[in-house]
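Here's the structure we're looking at; comments come further down.
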Amino acid sequence: MSATMADNIYAALSARIVAGELPAGEKLRQDHIAREFGTSHVPVREAFLRLEAHGLAQSQPRRGMRVTALDPEEVREVIAMRVALETLALTHAIPRLTAADLRAADTARIACDAAEDMAEWEVKNRAFHRTILTPCAMPRLLSTLDDLHIASARHFHAHWRHKWVQRVDKDHAAILGAMQRRDGQAAVELLRRHLKRVR
């Protein structure tokens with residue numbers, strides 16, 4: 001039960017940090033969070049450790065656990081890493097693709113295009129990328145990419161929230177089209193260009 005509660009607390013706090021509801025420097029108070037979720041301090045501490053492992057919060061001597069700041073240099077690093085690692089994952093995913101994988105990717109693409117606000121779009125966009133990469137069957141690589149997607153999500157919310165407009169993502173459609181043709185080289189190149197547009 002405690003692991004499930006820790007999962008719930010981590011999911012709720014990470015979503016608030018990503019969306020900017022908990023700003024950089026905000027103190028995360030164990031007592032308040034334990035009360036909010038009606039639990040002991042144990043799962044809260046476990047959730048805090050996960051937030052720290054994902055770079056969303058940091059324990060500071062005498063200041064407690066605080067939300068980390070968004071660093072512009074880190075954003076550049078995250079994009080460079082996503083370009084390198086997502087293209088690696090897609091390269092390994094293409095030969096393993098099943099008809100079910102392609103259907104799941106198309107469903108994720110359509111859901112992303114249908115998003116009606118920035119918060120919904122960001123979650124659906126992350127899901128599309130995760131769906132096209134999952135067939136690579138490289139759990140460690142996918143886990144690293146999950147962390148990078150969280151860092152990207154904070155950047156999107158911080159810089160694009162007021163500029164976001166609903167649109168059909170032509171890049172996603174083109175990547176998926178290349179995947180359906182089993183054209184790995186084209187899919188990887190399209191993904192590389194798509195990721196480099198994130199600034």
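Positions are given from 1 along the sequence. Treat the numbers as computed from the prediction; the structure is a model and nothing was measured.
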Are Thr68 and Arg154 close enough, and set up right, to give a side-chain contact (heavy atoms from CB on, under 4.5 Å), and what steps lead you there? CA-CA 11 Å; Thr68 53; Arg154 286 189 81 188; 3.1 Å; yes
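- Taking all atoms of both residues into account, the shortest heavy-atom contact from Ala12 to Phe37 is CB-CZ, 3.6 Å.
- Summarising the geometry, atom CG belonging to Leu191 is positioned 5.5 Å from atom CG belonging to Leu90; distances are rounded to the nearest 0.5 Å.
- Leu51 places a side-chain heavy atom less than 4.5 Å from the side chain of Leu13.
- Nearest heavy-atom pair, Thr131 versus Ala108, reported as atom, atom and distance to 0.1 Å: OG1-CB, 4.0 Å.
- The structure places CD1 of Ile94 at 10.0 Å from CZ of Arg181, a figure rounded to the nearest 0.5 Å.
- The backbone N or O of Pro139 lies less than 3.5 Å from no partner atom in the side chain of Ser143, so there is not a single donor-acceptor pair.
- In this view, Met65 and Leu28, Phe48, Glu52, Ala57, Ser59 satisfy the side chain to side chain contact (heavy atoms under 4.5 Å, CB included) rule, not counting sequence neighbours.
- Ionic pairing of Glu116 and Arg167 is not present here: no N-O contact between side-chain nitrogen and carboxylate oxygen is shorter than 4.0 angstrom.
- Using cut-offs of 30° and 60° for the angle between ring planes, the His54 and Tyr10 rings count as tilted.
- Rounding to the nearest 0.5 angstrom, the gap separating the OG1 atom in Thr98 from the CZ atom in Arg103 is 7.5 Å.
- The side-chain contact (heavy atoms from CB on, under 4.5 Å) test with Val83 is passed by exactly one of Val78, Leu195, Leu88: Leu195.
- There is no path of hydrophobic side-chain contacts, each under 4.5 Å, that joins Val67 to Leu49.
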Assess whether salt bridge (Lys or Arg N to Asp or Glu O under 4.0 Å) is satisfied between Asp146 and Arg130, documenting all intermediate values. CA-CA 8 Å; Asp146 287 342; Arg130 188 60 159 81; 2.7 Å; yes
Steps toward side-chain contact (heavy atoms from CB on, under 4.5 Å) verdict (Ile9, Ile33): CA-CA 8 Å; Ile9 296 168; Ile33 293 163; 3.8 Å; yes
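- Using a 4.0 Å cut-off between charged nitrogen and carboxylate oxygen, Arg50 and Asp7 count as a salt-bridge pair.
- Within the 4.5 Å cutoff, the side chain of His41 has heavy atoms near those of the Asp31 side chain.
- There is no side-chain donor-acceptor pair under 3.5 Å between Thr144 and Arg140.
- Interatomic distance, Leu70 CG to His155 NE2, rounded to the nearest 0.5 Å: 8.5 Å.
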Salt bridge (Lys or Arg N to Asp or Glu O under 4.0 Å) for Asp101 and Arg96? Distances and angles first, verdict last. CA-CA 9 Å; Asp101 292 330; Arg96 296 170 169 268; over 6 Å; no
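- Contact detail for Leu102 and Arg182: the closest heavy-atom pair is CD1-NH1, 3.3 Å.
- Between Leu97 atom CG and Gln180 atom CD the span is 9.5 Å, to the nearest 0.5 Å.
- The shortest distance between side-chain heavy atoms of Met118 and Trp121 falls below 4.5 Å.
- Side-chain heavy atoms closer than 4.5 Å link hydrophobic residues (I, L, V, M, F, W, Y) into clusters, and following such links, even through other members, never connects Leu148 to Val123.
- The pair Asp169-Arg109 does not count as a salt bridge, with every side-chain nitrogen at least 4.0 angstrom from each carboxylate oxygen.
- Shortest non-hydrogen contact noted between Ala53 and Asp147 is O-OD2, 4.4 Å.
- Phe156 has its side chain out of reach of Val18: every pair of non-hydrogen atoms, C-beta onward, lies at least 4.5 Å apart.
- Expressed to the nearest 0.5 Å, how far CG of Leu145 lies from CZ of Arg126 amounts to 12.5 Å.
- Taking Arg192 as the reference, Glu189 meet the salt bridge (Lys or Arg N to Asp or Glu O under 4.0 Å) condition, with sequence neighbours excluded.
- At distances below 3.5 Å, at least one donor-acceptor pair connects side-chain atoms of Arg66 with backbone N or O atoms of Gly25.
- Screening residues 85-95 for side chain to side chain donor-acceptor pair (under 3.5 Å), with sequence neighbours left out, gives Arg82-Glu86, Glu86-His129, Glu86-His149.
- The two residues Cys112 and His172 make their nearest non-hydrogen contact at SG-CE1, 3.9 Å.
- Across every non-hydrogen atom of Ser40 and Ala34, the tightest pair is O-CB, 3.9 Å.
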